[in-house]
Amino acid sequence: MAEREKFYITTAISYPNGAPHIGHAYEVVAADAIARFKRIDGYDVFFMTGTDEHGLKIQQTADKAGTTPKALVDEMSAKFRTMADGLNCSYDRFIRTTDADHLPSTHELWRRMQEKGDIYLSKYSGWYSVRDEAYYDESELTKQPDGSWRAPSGTPVEWIEEESYFFRLSAYESRLLALYEDHPEFIAPQTRRNEVVSFVRSGLQDLSISRTTFNWGLPVPADPKHVMYVWIDALNNYLTGTGFPEADNPRAHYWPADVHIIGKDIIRFHTVYWPAFLMSADLPLPKRVFGHGFLLNKGEKMSKSVGNVLDPLDLAEAYGVDQLRYFFMREVPFGQDGNYSHEAIVNRINADLANDLGNLAQRSLSMIAKNCEASVPQPAELTQADSDLLWLADALPGKVRGAMGDFALHTALAEIWSVVAEANRYFASQEPWVLRKSDPARMATVLYVTAEVLRAVGILAQAFVPTAAEKLLDLLAIAPGDRVVATIGAGGRLAPGTSLPQPQPIFPRYIEAEA
RNA sequence: GGCGGAGUAGCUCAGUUGGUUAGAGCAGAGGAAUCAUAAUCCUUGUGUCGGGAGUUCAAAUCUCUCCUCCGCUACCA
């Protein structure tokens, strides 16, 4: 057997300065679906998510709460991990930038960049608002009557100069442009790529990569009064996850990442800074970076003031984990912004999951249980209608693989469910409940073909709705090792006579609670 | 301001390199069936394809122009 091809996928790591929200849930669920699909498609997958735990804000939040940064991030990071677990996300490692192996890894990256001559000590200066804890560009400031300057937020600013290490980002402009040119797939979707190319073309300045104004962070090698600023510390988690710099680490072969799944708001860090760092360190670059969109609550961004902040686990409890996952991935074209609302979620759950797939499984498997001695029926000769439907099911792997290759999760699901819809039409037109009396052999064939379609659908659905798909495959008595994409089609057909368990509903309908 | 994207049925969107009567899902209306989670199936749309002009035998699909919306235009991530 040939060695399996590796596939390394990551989410961004979350900043645990507040509780996880629906955006975090969306990202990790989408990445999980891709990871799960790759696994059932035969890849050696490494899927990583985690938390980015250093920085001024964490330190301040801890101060305000009267605790230590470490105690704070221990508590907060656990919430993110609990969320990922609660949403049934199959990460192989949950990395934390406070993990012990992240320091040597990041020091090594820094050292290599320094060796290249790309890191130098200078001064970082600018208009700083103490109250906002942020620097502002001069163009953003407004002059007050007394001659002083104010930030956009109205707070006073002062000119600050701070010693800082810089990365020679400006030296990488042409190499980055060449990367985008030679690998147009590196940044997706297309619209994000356009933005990045335009940004880099406009010229790059060197990047401040250390701070002396706080100390909750990784110390700069040989100059511990500096801590590394977020860019290097956070981005390097992807390398740390593979055991860098240990060449003999069992995960070393996963680098470079095949894809970073991130929010569109941090596309620049992943497509400009990150590859430049890696080029400097003479390390291979990630193959692709995908910037997904945001989920909006009825068109509005989630915010505490609007009062529409939702806890993802509350949603999962209300609708079901698989149901919520399905909604996220089916409703919104991956890469674009999308809306969610109670009505939309319920509609998807009931129409697609309970009615279309759940009911198809129930009606066909019940008939098998009652009329075929509770075992896989023996098909007779296939009619054109049978072959046509099987052909559609057998063609699904190619279509879904193609869609998943472009991270078009919504398209993959649409493809799968179009076959479910076709199977419902087939079932209605074949009327096996009539055949039961008029032509039992024909009935058995129709039920067999339907079960075969359910098998293909169940296998592919594992990536998106793992628990329900598992239930469906259990009902079909598919052996654990056979629940892979490669068995879909003529080579892996159900064996007639295999006894089947008592059918159980796989997706309940969502019933509105009494108001 | 500069660069880029989008504007197609009530809603969400598909529409490869221009080519028969512009499609899907959902919602709405009517009907059939009863195996099934009151699920399913069938039928049903007179849409100025944002406006205007142009190229072409032929444009939602190319060109120009105008209108509207959105994103990016670096150190909060």
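Order of the sequence lines sets the chain letters (A, B, ...), proteins ahead of strands, with each chain counted from 1.
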Nearest-angstrom distance, [atom1] atom, [N] to [M]:
| N | M | atom1 | value |
| --- | --- | --- | --- |
| C35(B) | C41(B) | C1' | 13 Å |
| C72(B) | A29(B) | C1' | 46 Å |
| G7(B) | C66(B) | C1' | 14 Å |
| U55(B) | G18(B) | C1' | 12 Å |
| U21(B) | A60(B) | C1' | 16 Å |
| C62(B) | A6(B) | P | 10 Å |
| C3(B) | G28(B) | C1' | 43 Å |
| U61(B) | G54(B) | C1' | 16 Å |

Can you confirm whether or not the ring centre of [X] sits under 6.0 Å from the ring centre of [Y]?
| X | Y | answer |
| --- | --- | --- |
| Trp231(A) | Phe277(A) | no |
| His292(A) | Phe328(A) | no |
| Phe464(A) | Tyr326(A) | no |
| His342(A) | Tyr510(A) | yes |

Under 4.0 angstrom, heavy atoms only, what part of the nucleic acid is [X] near: base, sugar-phosphate, or nothing?
| X | answer |
| --- | --- |
| Asp206(A) | base |
| Trp417(A) | nothing |
| Asp265(A) | base |
| Gly203(A) | base |
| Asp337(A) | nothing |
| Leu204(A) | base |
| Gln336(A) | sugar-phosphate |
| Phe269(A) | base |
| Arg348(A) | nothing |
| Ile506(A) | base |

[X] side-chain N/O to [N] phosphate OP1/OP2 under 4.0 Å:
| X | N | result |
| --- | --- | --- |
| Arg425(A) | U40(B) | no |
| Gln60(A) | C76(B) | no |
| Arg268(A) | C75(B) | no |
| Lys370(A) | A36(B) | yes |
| Asn350(A) | U37(B) | no |
| Tyr510(A) | U37(B) | no |

Return the pairing partner of [N] with a 3.5 Å limit on both distances, Watson-Crick or G-U wobble; otherwise return none.
| N | answer |
| --- | --- |
| C62(B) | G54(B) |
| C3(B) | G71(B) |
| A24(B) | U12(B) |
| A39(B) | none |
| U34(B) | none |

Original post:
Under the 3.5 angstrom rule, does the side chain of Thr11(A) hit a backbone N or O of Glu27(A) as a donor-acceptor pair?
Top reply: no
Original post:
Short question: side chain of Asn355(A), backbone of Asn350(A) - any donor-acceptor pair under 3.5 Å?
Top reply: yes
Name the closest nucleotide to the [X] side chain, picking from [options].
| X | options | result |
| --- | --- | --- |
| Thr191(A) | C75(B), G5(B), C13(B) | G5(B) |
| Tyr124(A) | A77(B), C75(B), C35(B) | C75(B) |
| Gln362(A) | A36(B), C35(B), C75(B) | A36(B) |
| Ala428(A) | C75(B), U40(B), A39(B) | U40(B) |
| Trp231(A) | C75(B), U37(B), U40(B) | C75(B) |
| Phe507(A) | U37(B), C75(B), U34(B) | U37(B) |
| Ser208(A) | A36(B), C75(B), A74(B) | C75(B) |
| Ile266(A) | C35(B), A77(B), G4(B) | A77(B) |
| Glu195(A) | G71(B), A39(B), C35(B) | G71(B) |

Original post:
In terms of side-chain geometry, is the basic nitrogen of Lys123(A) or Glu161(A) positioned less than 4.0 Å from the acidic oxygen of its partner?
Top reply: no
Subject >> Residue-level proximity of residues 399-411 of chain A to RNA chain B when a heavy atom falls under 4.0 Å >> reply: none
Subject >> Tyr165(A): which of Tyr120(A), Tyr229(A), Trp110(A) passes ring-ring contact (aromatic ring centres under 6.0 Å, His included) >> reply: Trp110(A)
Original post:
Leu435(A) CG to A33(B) P: how many Å, rounded?
Top reply: 17 Å
Original post:
Between Leu207(A) (CG) and C76(B) (C1'), how many Å, whole number?
Top reply: 14 Å
**OP:** Return the 5'-most residue of the pair Ser198(A), Leu360(A) with respect to RNA chain B, ranking by each residue's nearest nucleotide.
**Re:** Ser198(A)
Subject >> Residue whose nearest RNA chain B nucleotide is more 5′ - Glu331(A) or Ser364(A) >> reply: Glu331(A)
Subject >> Parallel, tilted or perpendicular, as decided by the 30° and 60° cut-offs, for the rings of His260(A) and Trp274(A) >> reply: tilted
**OP:** Could you label the plane-to-plane angle of the Phe334(A) and Tyr26(A) rings as parallel, tilted or perpendicular, counting under 30° as parallel and over 60° as perpendicular?
**Re:** perpendicular
Subject >> Within-4.5 Å side-chain heavy-atom neighbours: Glu173(A) and Val200(A) >> reply: yes
